[in-house]
Amino acid sequence: MPLLELHNVKVRYGAIEALHGIDLNVEQGQIVALLGANGAGKSTTLRTVSGLLRPASGTVLFDGKPIQGLPPHKIVELGIAHVPEGRGIFANFTVDENLAVGAYTRSDKAGVAADRERVLEMFPRLRERLRQNAGTLSGGEQQMLAIGRALLARPRLLLLDEPSLGLAPQIVRQIFALIRRINADGTTILLVEQNVHMALDAASYGYVLEVGSIAMHDFPATLKTSDQVRKAYLGVA
Amino acid sequence: MDGLSVGSLYALIALGYTMVYGVLQFINFAHGDIVMIGAWLSFWICARLGWAGNDAPPSLARAAATLLFAMVVCGTLGFLIERLAYRPLRSAPRLNILITAIGMSLLLENVGQLPIVFGTENQGMPGLLPKETLLSVAGVNITLIDVLIIGCSIALMAGLNHLVYSTRLGLAMRAASFDTKTASLMGVNINRTISLAFVIGAMLAAAAGFLYAVKYTNLNQPAFPTWILLGLTAFVAAVVGGIGNIRGAMIGGVLIGLLEKFGTAYVSSSFKEVYVFSILILVLLFKPTGILGSARVEKV
């Protein structure tokens, strides 16, 4: 049984239908890449999974149980953490406070302290800046903080929306190395990315969204050689 | 001294405006009326229990019981107002909820005037707190009642400050105030946080109403302009301090109270409101986000 299953999910913004009934599976332990152009519905898909949006119809199953229509705070408690587009850092909070909000759902103090230590070990830059206002961090540091904060909820499924957006290539490589490491530590990941090369290199399966529908889905090796993907996203004629 | 005690009342009321604004970016125009209800409820319970009348002896225990009663009832009222009037409009355009708030304000005033509620007669609040002057320093009379009002306000604000800045719940409230969507992704229950802001705001307003009633003892009828002006002045205090900022509301309240009293004493008492609103204009001109306010970047 997949960890996350979307069946015929339709999402509307007012009169406009943004997702025309999509099916998508994420198996336990995988990194699944969700690719597509701007406006294809990638972020909409993530927001629907995390409960920020309610599907007009269809089902979202997490661990076999329906979660569509639940409020976001309930979905976090079930084990899905969403790092939103634009990172959603609390800029007027310190780095440490941002991490504390990430652990908001948990009451096991010892477990939180251990996970905080693990996150700080993974992102040493954050340890140096614990007392600093998060708004003063660089883009890459903010992205690391956003991911670290999400990990403090101890998610089974991590939703990442454009983690490489606006970052220098060297930082992007660092972020992707961390994504693989988080996955190797046992967290399943659904990754939305514009950086198709990096995403397909990291992923174990990929979906391509086109204007609200799944255009194709396959293993990364196959997607990379597909003419459709090469033309549209890899800039290869 | 008078300025400080009035200022701390403004601060208590301003906190309610600022907390609700913090999470909803919405000015709760019915908030000032909660102050009136708090004051009148204090009178009502005293009258019911036979504590009314000008000869009633001051009693700290009775004062505390009255305060508690007003805070609990107003807290419940604040919760119900949000739940029944504002929550259904959460996703409606901002103007709808603003108009609803003005409607709610009128509703509270007019229901308050009903004969079976508080009526349209002015009433005399019993002097639950002793009036005597403690000492005079350089011509300044320090009365026990002002000391008690300031002490009570400081205790309430210190409690709130601790809740907001040193607890998990407070962290959730501040997170929700910065960005409700992201806070909900961290597991913060937004509806509960909003309810909490209304309940705490209404309880502080009730406390301000109670303290106001025991200080001035003459209770104007529920729709009388003094109540509206009281709410409005506290709103100015919230804006001057930086709306959405809890510590700003406290500073703004005390500042406005002092300014009003000093202006009254040294210039003229007929310009009382002029001082308050001039400060509002000055702040809006030179530091529109208020003393402690920070510029909020509008997301496009």
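When all heavy atoms are compared, the tightest approach of A/N92 to B/F178 is OD1-CD1, 3.2 Å. Across all their heavy atoms, B/T182 and A/R149 have their closest contact at CG2-NH2, 3.5 Å.
Between the NE2 atom of A/H73 and the CZ atom of B/R192 there is a distance of 7.5 Å, given to the nearest 0.5 Å. Note that CG of B/N189 is 7.5 Å distant from OH of A/Y104, once rounded to the nearest 0.5 Å.
In this structure, the portions of A/A91 lying under 4.5 Å from any heavy atom of chain B include both its backbone and its side chain. Heavy-atom distances place the backbone of A/R106, and not its side chain, under 4.5 Å from chain B.
Atom CZ of B/F277 has more than 12 heavy atoms from other residues, nucleotides or ligands within 6.0 Å. Counting non-hydrogen atoms of neighbouring residues, nucleotides and ligands closer than 6.0 angstrom, the OH atom of A/Y13 exceeds 12 such neighbours.
Taking the centre and axis of the six-membered ring of A/F93, the NZ or CZ atom of B/R174 falls inside the cone set by 45° and 6.0 Å.
Comparing A/G86, A/S50, A/P72 by how many heavy-atom pairs each has under 4.5 Å with chain B, the most go to A/P72. Options A/L152, A/V101, A/I89, A/T105 differ in how many heavy-atom pairs under 4.5 Å they form with chain B, and the most are formed by A/V101.
Scanning residues 74-84 of chain A against chain B with a 4.5 Å non-hydrogen threshold yields A/V76, A/H82, A/P84, sorted by number. Contacts between residues 67-88 of chain B and chain A, counted as heavy-atom pairs separated by less than 4.5 Å, involve no residue at all.
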